[in-house]
Amino acid sequence: MGNTSAIKWFEGIGEYRIDWGPGYRIYLAKDGESLIVLFGGGTEPTI
């Protein structure tokens, strides 16, 4: 759909946080009009 407003961009890499489960993240890069998934997953331990 093209809605990338929830992605935070820094130095050419985007981070999308999913507020469900144990702190999932998806890291993206942009190549022209295409989004490329670099890494997805992870858990965020709490202290």
Side-chain angles (χ1 to χ4, degrees):
M1 297 293 243
N3 185 359
T4 58
S5 63
I7 299 173
K8 293 184 182 178
W9 292 95
F10 54 96
E11 296 186 27
I13 303 294
E15 177 188 51
Y16 178 66
R17 295 182 180 189
I18 301 172
D19 294 329
W20 181 80
Y24 294 113
R25 306 276 197 281
I26 298 173
Y27 293 95
L28 308 158
K30 196 167 187 180
D31 182 23
E33 294 294 316
S34 300
L35 288 176
I36 301 168
V37 176
L38 300 174
F39 179 78
T43 60
E44 186 176 308
T46 57
I47 298 174

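If you're wondering where the values come from, they're calculated on a predicted model, not measured in any experiment.
- Put simply, CD1 on Ile26 and CZ on Arg17 are 13.0 Å apart, with the number rounded to the nearest 0.5 Å.
- Taking each heavy atom of Tyr27 and Arg25 in turn, the nearest pair found is CE1-CB, 3.8 Å.
- For the pair Val37 and Leu28, the minimum side-chain heavy-atom distance is below 4.5 Å.
- Between Ile7 and Trp9 the shortest side-chain heavy-atom distance falls below 4.5 Å.
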